[in-house]
Amino acid sequence: MVIDTMNYYPQRDGRIAELDSFASTSSELVQRHLERSRIVKAFNNIDFQRLFTLARLSGSDERSAVPIAGNDEQSKSDVASLLDLLGYDSVDIGTLAESWRSEPETPVYVKPYFPTQPPEGVTPEEAYRWFTETTGVPVSAATVRGLVAGTERGTAGGYVPEDVSSLRTDADRNWNE
């Protein structure tokens, strides 16, 4: 089994026609390259800082969830068990063909784990400091499900609504207040 944590960034990776035309997802391409492996997409929608700081024990009201996608149910179950050990719940969002729902420019990608948007007009150094010093907020499995369900496929990766905070559950809002 291979956990695919990657995302397609055309500005970094160059244009890949198969991804831009939605003929395939990046995880399906990985599966084709590693055809003997069972691919599960996970960890791709949360940044390293929040991944480290938001981990909580199972059953915690402040526990966050992350989406997973894959074609093999046992492999998804194994990844869900790993996530649980690492302090996260998982939300099964479907097959590798559906994995685009957690990629860049989708509502569940990175932003929900931040309490605010980065300040405007700051230097790159100030933006990086904000990124590393901003405490993450928990994102429940219910919120992840809602964000993923509301995703529409736009440009490679999807579409982000203007205000993802409206998609948070009451439990998430109450914890943050």
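None of the values given here were measured: they were computed from a predicted structure.
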Counting only N and O atoms by type, is there a donor-acceptor contact under 3.5 Å from the side chain of [X] to the main-chain atoms of [Y]?
X	Y	value
Asp84	Ala80	no
Glu18	Ala23	no
Arg50	Gly136	no

Between Thr5 and Lys41, is any side-chain donor less than 3.5 angstrom from a side-chain acceptor?
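Short answer, no.
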
salt_bridge(Arg145, Asp92) N-O dist < 4.0 Å:
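No, this pair does not count.
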
Measuring from [X]:[atom1] to [Y]:[atom2], what's the distance to the nearest 0.5 Å?
X	Y	atom1	atom2	answer
Ser99	Asn45	OG	CG	12.0 Å
Leu147	Ser140	CG	OG	9.0 Å
Met1	Asp78	CE	CG	4.5 Å
Tyr109	Ser102	OH	OG	9.5 Å

Do the two ring centres, one from Phe48 and one from Phe43, sit under 6.0 Å apart?
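No; Phe43 has its ring centre 6.0 Å or more from that of Phe48.
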
Closest heavy-atom pair and its distance - Ser26, Glu103
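Shortest heavy-atom separation between Ser26 and Glu103 comes out as OG-OE2, 2.9 Å.
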
Specify whether Phe114 and Trp130 have parallel, tilted or perpendicular ring planes, treating 30° as the upper limit for parallel and 60° as the lower limit for perpendicular.
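Plane angle under 30°, so parallel.
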
